[in-house]
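The sequence lines fix the lettering, A, B, ..., with proteins before strands; numbering per chain opens at 1. Computed from a predicted model, the values in this text were never measured in an experiment.
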Amino acid sequence: MLIRVPKGTQDILPEDISKWYYIEDIIKEILNKYGYKEIRTPFFEYTDLFVRGIGESTDIVTKEMFTFPDRKGRSLTLRPEGTAPVVRAYLENSMGRISKVIKLFYIGPMFRCEKPQAGRFRQFNQFGIEIIGTKSPAADAEVIITALDVYKKLGLKNLEILINSVGCKKCRFDYIQKLKKYLKDKKELLCSDCKMRYEKNPLRVFDCKKDGCQKIIEKAPLITENLCQECESHFAQVKSYLDDQKIVFHEDPRLVRGFDYYTKTAFEIISGELGAQNAIAGGGRYDDLVEELGGKPTPAVGFAAGIERMIIAIDQQKVKWPEEKGLDIFVAKVDEKNKDSAFKLLQKIRNAGLSADMDYSEGSLKSQMRIANKLRVRYTVIVGEEELSKNMVILRNMQTKEQKEIKIDNIINEL
RNA sequence: GUGGGCGUAGCUCAGACUGGUUAGAGCCCUGGAUUGUGGCUCCAGAGGUCGGGGGUUCAAAUCCCCUCGCUCACCCCA
């Protein structure tokens, strides 16, 4: 049996790598335009960072982390998300001293030990941004706008923006009490999952797809109707900034995200091109996380976006990827006797800054021409006995099929 | 973790219901068609433990059981 890639992982093959370069370039271009600086954190962290950051009772922490001990028995975890590590790095490097507000972005692999399905992998790539140090609702709006700008540049359509406010510590606590009170006498009618949710995280009952639970939750009090004044005003301002930018969004009072650290704004961008896993980006405000991880109280907001899902959506839309450009030059030898001259010429061309290659195996000229064709080179330089004796080679234009003899010394100028 | 679908050549698939000679096609790959020249066409060739194991049978890709893998969905999320 051949060894395969681990479940939920995949190879990105040379034929697909240009898609990744293309997307990564656009992401970096847009994020730089908005003033974000890249940060690269390790692929693994001490487990406690995620337990404290994401929340002990969340699905990610309870059943989806790749956790392993190092040789001294300390528990490490492959990062399942990017925000907690960025906040850790922010604190560890005292980045708050550089400026009051700091804008960071990351791009790279995340790991979650889930059962794979369409658009869900165990190792997947995200890019994300974090604005740390401001509670301004403009920052919330900017984060959403930034994501949309990336998608726009990539030609992604059929996107929907869902937005909600989950309140702050105070009003959410009050609201959960209220919700529990509402659900209390109806508890027996809930499905078994929701009974559990009632205890652990009653907000999640809103997410339940079962008709019975939906009926019960339909008339439940909504978080958006129970926000404190500050949260309500913040939410209103975020929406107003989005309206100013003519961004169409849907308020979804049932939107609850899977990380405990969110406060106030929570949002998701979903794509109609995806399967059941249709979220292409998700994020929100996390005003308490920095403090929970040992820093001074520092408000922050950000999002994470899935790159594989972007690729799937782009493929689905049949948006054309930019064409991969071939090599400039292929050097072909008529006979094995000419291989040394051909190799010297090849290096001369490369040293002049052009991309070039040759075939080192003992193929016929015909087979070399086929290779040149497949590489989609602009010119093929043919090195043959007859011409070499005159210090010349043949230069063939692969598009026009025109070819001429040129002096070897002039080759760089000719190209 | 729980379900459904599917595993035949590198890729996309036929053959399976109605077991029966060397398991097929297209694409891809290699070589050739005036031996110093590509893309098109034509010709030839390479490539398969029919996912794996066991069973039924004179005979299994085909029927039965087990197992592994992939995939989609639930859950949750990017």
Side-chain angles (χ1 to χ4, degrees), chain A residues 1-10 13 15 54 58-64 79-83 107-128 147 191-194 196-197 201 204 207-210 255-259 266 268-271 274-283 303-313 326 330 332-338 359 361 363-388 393-403 405:
Chain A
M1 264 311 242
L2 279 174
I3 297 173
R4 308 180 186 228
V5 289
K7 187 192 274 284
T9 67
Q10 56 191 339
L13 302 175
E15 64 209 59
I54 300 170
T58 57
D59 279 15
I60 288 191
V61 168
T62 54
K63 53 189 190 197
E64 292 171 8
R79 63 183 187 191
E81 63 103 38
T83 300
I107 178 165
M110 303 294 164
F111 308 84
R112 291 183 200 167
C113 193
E114 300 180 86
K115 196 153 176 180
Q117 71 186 74
R120 171 192 283 167
F121 312 93
R122 288 186 167 184
Q123 176 178 331
F124 57 100
N125 288 273
Q126 289 188 329
F127 79 94
C191 71
S192 57
D193 283 343
C194 283
M196 207 101 96
R197 294 184 177 121
N201 187 352
R204 289 232 152 270
D207 266 354
C208 189
K209 311 273 188 308
K210 300 207 173 65
L255 178 69
V256 181
R257 299 190 43 78
F259 304 145
E268 232 168 65
I269 301 175
I270 61 178
S271 164
L274 269 31
Q277 308 307 317
N278 60 359
I280 201 163
F303 74 77
I307 297 177
E308 283 82 356
R309 289 186 186 175
M310 289 159 65
I311 292 176
I312 293 168
F330 188 81
K333 58 207 181 307
V334 171
D335 189 279
E336 273 305 292
K337 282 183 291 192
N338 312 128
D359 175 27
S361 63
S364 63
L365 181 56
K366 184 182 197 134
S367 75
Q368 292 176 76
M369 293 305 288
R370 283 190 180 139
I371 293 167
N373 185 55
K374 243 179 282 183
L375 292 171
R376 290 183 295 133
V377 298
R378 291 186 296 133
Y379 291 98
T380 298
V381 173
I382 300 170
V383 181
E385 202 71 27
E386 265 173 53
E387 295 79 12
L388 270 181
V393 289
I394 296 168
L395 182 63
R396 180 180 176 87
N397 182 318
M398 296 299 274
Q399 264 94 58
T400 63
K401 294 170 103 167
E402 285 171 311
Q403 61 183 48
E405 288 188 17

Toward the 5' end of RNA chain B, by each residue's nearest nucleotide, A/G384 or A/G282: A/G384
Along RNA chain B (nearest heavy atom to each residue), the more 5'-positioned of A/E386 and A/Q399: A/E386
So if I take every side-chain heavy atom of [X] and compare against [options], which nucleotide ends up nearest?
| X | options | answer |
| --- | --- | --- |
| A/E64 | B/C76, B/A78, B/G36 | B/C76 |
| A/Q117 | B/A33, B/C75, B/G36 | B/C75 |
| A/K366 | B/C76, B/C75, B/A33 | B/A33 |
| A/R396 | B/G38, B/A78, B/C29 | B/G38 |
| A/N373 | B/C75, B/G39, B/A78 | B/G39 |

Sugar-phosphate, base or nothing in reach of [X], heavy atoms under 4.0 Å:
| X | value |
| --- | --- |
| A/F259 | sugar-phosphate |
| A/I371 | nothing |
| A/S367 | sugar-phosphate |
| A/G128 | nothing |
| A/A372 | nothing |
| A/R257 | sugar-phosphate |
| A/I280 | sugar-phosphate |
| A/E81 | nothing |
| A/E387 | base |

Span that lies between the [atom1] atom of [M] and that of [N], in whole angstrom:
| N | M | atom1 | result |
| --- | --- | --- | --- |
| B/G31 | B/G69 | C1' | 37 Å |
| B/C27 | B/A23 | P | 22 Å |
| B/G47 | B/C70 | P | 29 Å |
| B/G20 | B/G3 | C1' | 38 Å |
| B/G24 | B/A16 | C1' | 14 Å |
| B/A9 | B/A14 | P | 12 Å |
| B/G4 | B/C75 | C1' | 16 Å |
| B/A44 | B/A59 | P | 38 Å |

Could you give the [atom1]-to-[atom2] distance, from [X] to [N], as a whole number of Å?
| X | N | atom1 | atom2 | value |
| --- | --- | --- | --- | --- |
| A/M398 | B/G39 | CE | P | 9 Å |
| A/F111 | B/A78 | CZ | C1' | 14 Å |
| A/I3 | B/G69 | CD1 | P | 14 Å |
| A/I312 | B/C72 | CD1 | C1' | 13 Å |
| A/K337 | B/G36 | NZ | C1' | 12 Å |
| A/F330 | B/G39 | CZ | C1' | 15 Å |
| A/N278 | B/A73 | CG | C1' | 13 Å |
| A/E114 | B/C74 | CD | P | 12 Å |

OP1 or OP2 of [N] sitting under 4.0 Å from any side-chain N/O of [X]?
| X | N | result |
| --- | --- | --- |
| A/R376 | B/G39 | no |
| A/Q368 | B/G38 | no |
| A/K7 | B/C70 | yes |
| A/Q277 | B/A78 | no |

Could you list the donor-acceptor pairs under 3.5 angstrom formed between side-chain atoms of residues 370-384 of chain A and any protein atom two or more places apart in sequence or on another chain?
from   : atom 1 : to     : atom 2 : distance (Å)
A/R376 : NH1    : A/E324 : O      : 3.1
A/R376 : NH2    : A/E324 : O      : 2.8

Full working for side-chain contact (heavy atoms from CB on, under 4.5 Å) between A/Q10 and A/V5: CA-CA 6 Å; A/Q10 56 191 339; A/V5 289; 5.7 Å; no
Rounded to the nearest 0.5 Å, what separation is found between the [atom1] atom of [X] and the [atom2] atom of [Y]?
| X | Y | atom1 | atom2 | answer |
| --- | --- | --- | --- | --- |
| A/N278 | A/I312 | CG | CD1 | 11.5 Å |
| A/I60 | A/E114 | CD1 | CD | 7.0 Å |
| A/M398 | A/R396 | CE | CZ | 6.0 Å |
| A/R112 | A/Q123 | CZ | CD | 13.0 Å |
| A/Q277 | A/S271 | CD | OG | 12.5 Å |
| A/E387 | A/L395 | CD | CG | 12.0 Å |

Could you write out each protein N or O paired with an N or O of nucleotides 1-11 of chain B at a distance under 3.5 Å?
from : atom 1 : to     : atom 2 : distance (Å)
B/U2 : O4     : A/K115 : NZ     : 2.9

Presence of donor-acceptor pair under 3.5 Å, side chain of A/R370 and base of B/G39: no
Side chain A/K401 and base B/G39 donor-acceptor under 3.5 Å: yes
Sort out the partner of [N] for me: Watson-Crick or G-U wobble, both distances under 3.5 Å, none otherwise.
| N | result |
| --- | --- |
| B/C70 | B/G5 |
| B/G24 | B/C13 |
| B/A44 | B/U30 |
| B/G36 | none |

Check against ring-ring contact (aromatic ring centres under 6.0 Å, His included), A/F111 and A/F121: CA-CA 8 Å; A/F111 308 84; A/F121 312 93; over 10 Å; no
Qualifying residues under salt bridge (Lys or Arg N to Asp or Glu O under 4.0 Å), relative to A/E405, sequence neighbours excluded: A/K390
Within-4.5 Å side-chain heavy-atom neighbours: A/P109 and A/R79: yes
